[in-house]
Amino acid sequence: MSESVTPAKPARKKGGFFSNLVFNIIIPVVILSKFSGDAHLGPMWALVVALAFPVVYGCWDFVRSDKVNFFSVLGVISVLLTGGIGLLQLDPAYIAIKEAAVPAVLGIAVILTHNTRYSLVRKLLLNDDLIRTDKLAAALAAKQATQQFEQKVQISTYLLASSFALSAVLNYVLAKWIVVSPAGTEAFNAEIGRMTALSFPVIAIPCTIIMMFAVLYLFSQIGKLTGEELDQFLVGAPES
C-alpha cells in the first residue's frame with residue numbers, strides 16, 4: 001500500500017452509462033450512417049459533427065468532475081485522430097492502427113505504472129473515493145499481509161492489462177474488416193459508424209468481463225487477507 005493516504009473524499013459527479021452510450025456511440029453512429037450523403041451534411045461535415053459529440057461530452061464531463069481522467073483524455077485523443085484521418089483523407093489502414101494503438105497504450109501504461117504513485121490499478125480500484133485506504137492498510141499491517149496483498153494487486157494489474165491487449169487485437173481486426181473505403185467519402189463515414197456500433201458488443205463486453213474478474217479477484221483477496229468483510233473498507237459503508 002502507499003505510505004501516505006488521505007481521508008476519503010466525497011465522490012465527484014461523473015457521466016452515467018446512458019449518457020456515455022448516447023453521446024459516444026448512438027448519436028455519432030446515427031449521424032455517420034444517415035447524414036453523410038450530399039443531400040444532408042456531406043461526408044466531411046458529417047464526420048466533424050459526429051465526432052464533436054464525444055469530444056464535447058468528454059470536456060463537459062471533465063468540467064463536472066473537476067478531475068483529469070487519463071482514460072477520458074485518451075478517448076478524446078482517439079476521436080480527434082479518427083477525425084484527422086478522415087479530414088486529411090489518409091489511408092483507411094491508419095484507422096486500424098489507431099484503433100489498436102489506443103488500448104495498447106493503456107495496457108502498457110497499466111504495467112509501467114504498477115510500482116509507481118501513478119498506478120492505474122490503484123487509481124481505478126483502490127482510490128480514496130471507493131476504498132478506505134488508510135483502514136485497509138492498517139488491517140493488512142495488523143495481519144502482516146501487506147506484502148501478500150501487493151502480490152495480489154500485481155496479479156490484478158496483469159489481468160487488467162490483458163483486457164486492454166484483447167481490446168487492441170479485437171479493435172484492429174474489426175477496423176481492418178469494416179473500414180476499407182477511402183477517407184472523406186460517404187462510404188468511409190458509414191463504415192466508421194458501423195465499426196463504432198459493433199465495438200460495444202464485440203469489444204467492450206468481453207473486455208469488461210475480464211476487468212470485472214480482476215475487480216472481483218482483488219476485492220475477494222481483501223476479505224481473505226484481512227479476515228474482514230469488504231464492506232468494512234468501502235467508502236460510505238457504516239463503521240463497525
Side-chain angles (χ1 to χ4, degrees), residues 1-17 19-20 58 61-75 102-168 203-240:
M1 302 294 296
S2 57
E3 295 181 0
S4 61
V5 293
T6 56
K9 305 171 187 176
R12 295 178 176 86
K13 289 184 178 180
K14 297 181 181 179
F17 172 78
S19 297
N20 277 283
D61 193 40
F62 163 70
V63 171
R64 290 184 69 208
S65 62
D66 192 28
K67 186 178 182 180
V68 176
N69 185 305
F70 177 76
F71 296 95
S72 296
V73 170
L74 200 58
V102 171
V105 168
L106 285 171
I108 292 170
V110 167
I111 298 294
L112 293 182
T113 61
H114 170 60
N115 289 318
T116 73
R117 59 182 293 189
Y118 304 105
S119 170
L120 292 179
V121 169
R122 294 188 185 281
K123 288 183 179 298
L124 285 171
L125 308 181
L126 297 173
N127 61 77
D128 292 326
D129 292 336
L130 180 63
I131 298 290
R132 293 169 175 160
T133 53
D134 51 350
K135 184 176 181 178
L136 176 58
L140 290 168
K143 295 286 186 177
Q144 297 184 334
T146 301
Q147 188 58 41
Q148 288 177 272
F149 184 68
E150 291 301 318
Q151 294 172 355
K152 307 304 181 184
V153 173
Q154 187 171 31
I155 292 174
S156 294
T157 296
Y158 291 135
L159 286 172
L160 188 61
S162 71
S163 74
F164 289 121
L166 175 62
S167 177
I203 298 169
I205 292 177
C207 293
T208 299
I209 290 173
I210 297 177
M211 289 183 184
M212 289 304 300
F213 181 77
V215 172
L216 294 174
Y217 171 79
L218 186 59
F219 284 0
S220 69
Q221 296 306 309
I222 290 177
K224 290 179 180 179
L225 294 175
T226 62
E228 300 183 39
E229 295 291 331
L230 175 64
D231 291 350
Q232 299 299 314
F233 305 103
L234 293 178
V235 171
E239 295 276 4
S240 59

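The basis for the numbers below is simple: all heavy atoms, side chains too, and nothing from hydrogens, waters or symmetry mates.
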field: Nearest atoms (heavy-atom pairs only) where H114 meets V153
entry: CE1-CG1, 3.9 Å

- line: Across all chains, not counting sequence neighbours, the side-chain hydrogen bond (donor to acceptor under 3.5 Å, both in side chains) partners of S156 are none

- prompt: For F219, does the CZ atom sit with more than 12 other heavy atoms under 6.0 Å from it, leaving out its own atoms?
  reply: yes

- line: When every non-hydrogen atom of A168 is compared with those of A104, the smallest separation belongs to CB-N, 4.1 Å

statement: One should read off an interatomic distance between F149 CZ and L140 CG, to the nearest 0.5 angstrom, of 6.0 Å

message: To the nearest 0.5 Å, what is the distance between CD on Q221 and CG on L216?
response: 11.5 Å

- prompt: OH/Y217 to CG/L159 distance, rounded to the nearest 0.5 angstrom?
  reply: 8.0 Å

Single hit among T226, T146, L225 for side-chain contact (heavy atoms from CB on, under 4.5 Å) with L136: T226

query: If you take all heavy atoms of L160 and A214, which pair is closest and at what distance?
result: N-CB, 4.4 Å

- line: Heavy atoms of C207 and S163 approach each other most closely as SG-O, 3.3 Å

- prompt: Going from NZ on K224 to NZ on K152, what distance comes out if it is rounded to the nearest 0.5 angstrom?
  reply: 7.5 Å

